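Remember, predicted model here, so these are calculated numbers, not experimental data. Index from 1, following the sequence.
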Amino acid sequence: MKKVALCIHDLRASDREKIVENIKSVREFFKSGPVTIHLVLDIDIRDDDETFSYLKKEVDNKQLEIVFHGVTHLCPMGTGKLSSWYHKYQAEFKGNTFQADINKLRYNKLNEILQIKTGICPPCWIATPAGWQFIKSLSPLYIEKLLSVNYKRKRFFSFPISLASDNKRELYFLKILASFISTIAIIFNHKRLRLIVHTIDISNIDSMTFFRHKYNSLISKGFSPVLQNELV
């Protein structure tokens with residue numbers, strides 16, 4: 001079966017009720033049910049938090065998946081410029097001085113609240129060897145990378161369709177790349193796609209309309225909407 005996961009990246013726990021608002025607005029815009037969110041736990045979370053009580057019910061009803069997305073979504077101090085054109089200093093696990101203790105504490109707390117094991121996606125899909133080793137040490141449900149979702153020592157190849165920019169010049173080329181990826185996926189009968197809406201995209205109606213067109217096109221070509229954990 002061909003599957004597409006509609007994902008919202010870079011939501012922050014500190015946004016609280018805005019998280020729910022974004023989920024509802026994206027669902028309404030795409031006329032879709034299952035949504036996967038990538039959540040930055042930039043604050044400590046509690047079992048009695050109203051927002052997380054709502055999110056847990058959504059998870060229990062299998063309408064929502066929460067993927068752990070770090071605690072800062074920012075590169076550690078001293079990260080070099082070599083690949084900054086890509087990560088724009090938002091790759092939390094790019095250096096070797098990331099906050100391992102806080103990441104571990106908040107990741108485990110998220111799993112405790114949801115009462116399930118969650119997946120992990122490092123910001124910008126990149127990390128140093130030390131970062132990958134740390135992520136593996138948390139024994140997540142799966143590890144999401146740029147071109148794959150790794151689950152139980154198996155690698156499931158998955159194309160991402162993403163924009164993540166508010167720069168008009170960048171968006172011109174990013175849309176060409178996203179269109180190319182979706183076309184290739186259809187032509188070569190690719191089975192696992194991730195359509196990735198970043199928070200920076202949500203306020204851009206042109207970007208959102210572009211995503212909706214791609215999403216509807218994929219559904220019309222036989223792709224079924226799923227949570228990201230159903231890609232493995």
Side-chain angles (χ1 to χ4, degrees), residues 2-40 42 63-67 69-70 72-75 83-92 121-126 144-147 149 158-187 190 192-221 223-228 231:
K2 295 186 293 185
K3 307 172 185 176
V4 57
L6 175 59
C7 308
I8 310 173
H9 278 222
D10 304 350
L11 294 171
R12 290 180 173 270
S14 59
D15 288 337
R16 300 190 183 281
E17 63 272 5
K18 190 176 178 181
I19 301 171
V20 178
E21 291 173 8
N22 278 319
I23 293 170
K24 289 181 177 179
S25 66
V26 168
R27 275 202 183 119
E28 183 178 350
F29 193 81
F30 286 85
K31 305 301 181 187
S32 173
V35 172
T36 297
I37 66 171
H38 287 55
L39 189 63
V40 181
D42 57 341
Q63 290 300 301
L64 180 72
E65 176 187 1
I66 301 177
V67 176
H69 204 40
T72 67
H73 209 294
L74 296 172
C75 286
S83 56
S84 61
W85 61 271
Y86 169 68
H87 61 67
K88 299 175 183 175
Y89 293 101
Q90 296 184 47
E92 181 172 345
C121 175
C124 307
W125 295 295
I126 55 177
E144 181 185 353
K145 297 188 176 184
L146 178 60
L147 295 176
V149 178
S158 173
F159 277 138
I161 299 174
S162 175
L163 296 178
S165 178
D166 56 3
N167 182 292
K168 289 185 178 181
R169 186 174 297 178
E170 284 184 357
L171 282 171
Y172 174 79
F173 294 103
L174 288 169
K175 286 179 180 179
I176 291 175
L177 177 60
S179 295
F180 176 75
I181 290 173
S182 61
T183 300
I184 289 297
I186 291 170
I187 291 175
H190 183 58
R192 302 175 185 88
L193 272 175
R194 289 165 287 156
L195 195 147
I196 296 155
V197 177
H198 287 79
T199 51
I200 197 172
D201 300 315
I202 293 177
S203 60
N204 188 326
I205 188 61
D206 288 338
S207 293
M208 292 298 286
T209 301
F210 175 86
F211 278 126
R212 183 169 61 183
H213 173 74
K214 294 301 173 189
Y215 185 76
N216 290 340
S217 176
L218 292 168
I219 298 300
S220 71
K221 297 297 182 180
F223 282 82
S224 297
V226 298
L227 297 174
Q228 187 169 271
L231 296 179

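Although no hydrogens or angles enter the test, the distance criterion places a donor-acceptor pair under 3.5 Å between the side chain of S182 and the main chain of S179. Remark: side-chain polar atoms of K2 are paired, donor with acceptor, to backbone N or O of K221 under 3.5 angstrom. Between the side chain of S217 and the backbone N or O of K214, no donor-acceptor pair lies under 3.5 Å. E92 places a side-chain N or O within 3.5 Å of a backbone atom of T72 that can act as its donor or acceptor partner. With R27 contributing its side chain and G33 its backbone, the two residues share a donor-acceptor pair below 3.5 Å. Of the possible polar contacts, none joining the R212 side chain to the K31 backbone as a donor-acceptor pair under 3.5 Å is found. No donor-acceptor pair closer than 3.5 Å links the side chain of N204 to the backbone N or O of D201. In terms of modelled atom types and a separation under 3.5 Å, the side chain of Y86 and the main chain of C124 share a donor-acceptor contact. In this structure, the side chain of N167 engages the main chain of E170 through a donor-acceptor pair within 3.5 Å. For the pair S25 (side chain) and N22 (backbone), a donor-acceptor distance under 3.5 Å is present.
Annotation for F173 and R169: closest pair CD1-O, 3.3 Å, computed over non-hydrogen atoms. Considering every non-hydrogen atom in both M208 and F30, the closest pair reads CE-CE1, 3.8 Å. Between W125 and R194 the shortest heavy-atom distance is NE1-NH1, 3.6 Å. Across all their heavy atoms, I19 and R12 have their closest contact at CD1-O, 3.3 Å. Between A178 and L163 the shortest heavy-atom distance is CB-CD2, 4.4 Å. Between P160 and L146, the shortest heavy-atom distance links the atoms CG-O, 3.3 Å.
Summarising the geometry, atom CG belonging to L193 is positioned 6.5 Å from atom OG belonging to S158; distances are rounded to the nearest 0.5 Å. To the nearest 0.5 Å, the span separating CG on L174 from OG on S162 amounts to 7.5 Å. Distance check, rounded to the nearest 0.5 Å: CD of Q228 to CG of L6 gives 10.5 Å. Annotation: the span from Q90 atom CD to D10 atom CG amounts to 6.5 Å, rounded to 0.5 Å. Note that CD1 of I23 and CD of Q63 are 11.5 Å apart. Values are rounded to the nearest 0.5 Å. The distance from the CG atom of L227 to the CD1 atom of I66 is 11.0 Å, given to the nearest 0.5 Å.
Counting heavy atoms from C-beta outward, S165 and L171 have side chains that approach closer than 4.5 Å. The closest side-chain heavy-atom distance from D206 to K175 is below 4.5 Å. For the pair V149 and R192, the minimum side-chain heavy-atom distance is 4.5 Å or more.
The aromatic rings of H9 and H38 sit parallel to each other, their planes meeting at less than 30°, with 60° as the upper class boundary.
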K18 vs T199, side-chain contact (heavy atoms from CB on, under 4.5 Å): CA-CA, chis, key distance, verdict: CA-CA 11 Å; K18 190 176 178 181; T199 51; over 6 Å; no
Could you walk me through whether L39 and H69 pass the side-chain contact (heavy atoms from CB on, under 4.5 Å) check? CA-CA 5 Å; L39 189 63; H69 204 40; 5.5 Å; no
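Side-chain rings of F211 and H213 stay apart, their centers remaining 6.0 Å or farther from each other.
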